[in-house]
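Data first, discussion second: the structure below is written as structure tokens.
So you know, we letter chains A, B, ... as the sequences are listed, proteins then strands, and number each from 1. Only heavy atoms go into these numbers, but all of them, side chains included; no hydrogens, no water, no symmetry mates. None of these values were measured; they are calculated from a predicted model.
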Amino acid sequence: MRGVGEDTDIVEKEMYTFRDRGGRSITLRPEGTAPAARAYLENKLYAGPQPVKLYYLGPMFRYDRPQAGRYRQFHQFGVEVFGSQHPGVDAEVMALAMDFYRRIGLSGLELHVNSVGCPACRPAMRDRLREYFRPMLDELCPNCRQRYERNPLRILDCKSARCTELARQAPTTADCLCPDCRAHFAQVQQYMHDLGISFIVNPRLVRGLDYYTHTAFEIMAPGIGAQSSVGGGGRYNGLIEACGGPPVPGIGFALGLERCLLALENQRRLPAVQPGPDVFVATAGERAAREGFILLAGLRAAGVAADLDYQGRSLKAQMKYAGKLGVRYTVILGEEELEKGTVTLRDMASGSQREVAESEIVQVLAGLRPGR
RNA sequence: GUGGGUGUAGCUCAGCUGGUUAGAGUACCAGAUUGUGGCUCUGGGGGUCAUGGGUUCGAAUCCCAUCACCCACCCCA
């Protein structure tokens, strides 16, 4: 975590840290960008063809007090591109994120985009902000008074009503960008237009740490509680170097899967869960039960999702159970069928039944493709 | 880290200002003529009332503490 920074909140409050049996201090990863950067460095991926495009998907951890949309263990999907500062890559990364949301069925999202400058324009940006806020310093919230010293950019981001009010006339990042950053941001926007992706330029969107440069973006979903961000990312041209590597540019995004689920639920777009098996094997009598057990294995081997009763239920109860499972077909096997070498195939929706030779039932059901 | 709320059956909850064997709906199980689900009816199983203390003749109910969960603040690398 060395590369991430030493903000006290991050280290002391949000990281999930504990001691293991050997007394070592263990911290569960809170996000994926730093690990991805480490992978890039440790495996010397900068020595190969650039850019390098990576993705990750997995559990992350933070020790906050939980609330709606914020869990101590959650899952993130993210991508990182190392080794290119081309503005088209910025657009590509944002497009990939938006395409993901679109494909899972989310709509009405807001993509906020900004440029937070680079080491060349950041000092001037800070100076101008300090200059602006100096006369109203004691009107700012205690938090922002600290931000004034440490990172005045973040004052723009404050949610306190008074600070927001005071910051209304403040110079924005857009006013302070150096020519290079301004050009880069303009091109990013042009590429976004080329891709037909709508976005909102939000000059108050800020990323805290120094290795963030140029593009910053965040995707908001209304209606899922106080934690409305479903994903975000940005360019970090200083990160690899800050981690002890060569000066390689990078950009990426991460999105929270649980928040996507919350948003899907809120929009009533959660897909129905796949119901249970497609076929149930109901039997009557001991011999039939054994025969059914073998038949079940045959069905499964043929790729049919099937199940049977292990609770010793009566045939009637088995039918009831099959109904609750929601299967489309029930195969009924009892003494009568055993005598004739057949099974009864019942369509649960219509209630119609027909006799099928036991030797053919697997093939018949596999052919019916009872799955979705 | 700060504030508020909630913990009673698998699930959703009721249980008034302390008073008999803690309830409902739902789910589960079994029956309603012998081998057939969905509707209905009947019966049944199931709770250390979050945990630990305390007050009281008596606590699910009142008090304290702890834990967990929920919501918000903070923050979001």
Which value, in whole Å, describes the distance between the C1' atoms of nucleotides B:rA60 and B:rG15? 8 Å
Could you check how far CD of A:Gln353 sits from C1' of B:rG35, rounded to whole Å? 10 Å
Please determine, for the side chain of A:Ala317, which listed nucleotide (B:rA77, B:rA30, B:rC73) has the closest atom? B:rA30
Please give the nucleotide sitting opposite B:rU42 as a Watson-Crick or G-U wobble pair, both distances under 3.5 Å, or none. B:rA30
Can you tell me how far P of B:rC76 sits from CE of A:Met220, to the nearest Å? 14 Å
Rounded distance in Å - CD (A:Glu337) to P (B:rU36): 12 Å
Between CZ of A:Arg62 and P of B:rA77 the distance, given in whole Å, is 9 Å
From C-beta outward on A:Pro66, which listed nucleotide comes closest to its side chain: B:rA77, B:rU2, B:rC70? B:rC70
If you measure from CG on A:Leu261 to CG on A:Leu257, what distance do you get to the nearest 0.5 Å? 7.0 Å
Counting only Watson-Crick pairs (N1-N3 plus N6-O4 or O6-N4) and G-U wobbles (N1-O2, O6-N3), all under 3.5 Å, who is the partner of B:rC74? none
Can A:Tyr63 be reached from A:Phe74 by stepping across I, L, V, M, F, W or Y side chains whose heavy atoms are under 4.5 Å apart? no
Which nucleotide wins on minimum distance to the side chain of A:Arg313, given the candidates B:rU36, B:rA30, B:rG35? B:rA30
Separation of the P atoms in B:rG25 and B:rC63, to the nearest angstrom: 31 Å
Check: A:Arg154 side chain, B:rC75 base, donor-acceptor under 3.5 Å: no
Provide the Watson-Crick or G-U wobble partner of B:rC69, both distances under 3.5 Å; none if there is no partner. B:rG5
Is it the case that the base of B:rG35 and the side chain of A:Gln318 share a donor-acceptor contact (distance under 3.5 Å, atom types as modelled)? no
Nearest-angstrom distance from the residue atom CD of A:Glu258 to P of B:rC70: 12 Å
Quiz question: by atom type and distance under 3.5 Å, do the side chains of A:Ser229 and A:Glu218 form a donor-acceptor pair? yes
Side-chain donor-acceptor pair under 3.5 Å between A:Ser84 and A:Gln50, yes or no? no
Take the protein atom CD of A:Gln311 and the nucleotide atom C1' of B:rA30, then report the distance between them rounded to whole Å. 14 Å
On RNA chain B, does the nearest nucleotide to A:Arg259 precede the nearest nucleotide to A:Gly69 from the 5' side, or the other way round? Give the residue. A:Gly69
Just the rounded figure in Å: distance from C1' of B:rC71 to OH of A:Tyr71. 12 Å
Is the A:Phe199 to A:His193 ring centre distance short of 6.0 Å? yes
If I take atom CZ in residue A:Arg70 and atom C1' in nucleotide B:rC70, what distance separates them, rounded to the nearest angstrom? 14 Å
Write down the distance separating the P atoms in B:rA27 and B:rG18, rounded off to the nearest Å. 36 Å
Does the side chain of A:Glu337 come under 3.5 Å of the side chain of A:Thr344 through a donor N or O and an acceptor N or O? yes
Distance check: side-chain N/O of A:Lys316 vs OP1/OP2 of B:rG37, anything under 4.0 Å? yes
Looking only at the side chain of A:Arg65 (C-beta and beyond, no hydrogens), which of the listed nucleotides B:rG37, B:rG3, B:rG35 gets closest? B:rG3
For B:rU21, the nucleotide meeting Watson-Crick or G-U wobble distances (both under 3.5 Å) is none
With a 4.0 Å cut-off on heavy atoms, is A:Ala68 in touch with a base, just the backbone sugar-phosphate, or nothing at all? sugar-phosphate
May I ask you to verify if any side-chain N or O of A:Gln67 is less than 4.0 angstrom from the OP1 or OP2 atom of B:rC71? no
With a 4.0 Å cut-off on heavy atoms, is A:Gly285 in touch with a base, just the backbone sugar-phosphate, or nothing at all? nothing
Quiz item: cation-pi between A:Arg72 and A:Phe61, 6.0 Å / 45°: no
Between A:Ala226 and A:Lys320, which residue's closest nucleotide on RNA chain B lies nearer the 5′ terminus? A:Lys320
Test for a donor-acceptor pair under 3.5 Å between the base of B:rG37 and the side chain of A:Arg346, counting only N and O atoms. yes
Nearest to the side chain of A:Leu315, which nucleotide is it out of B:rG37, B:rG35, B:rA77? B:rG35
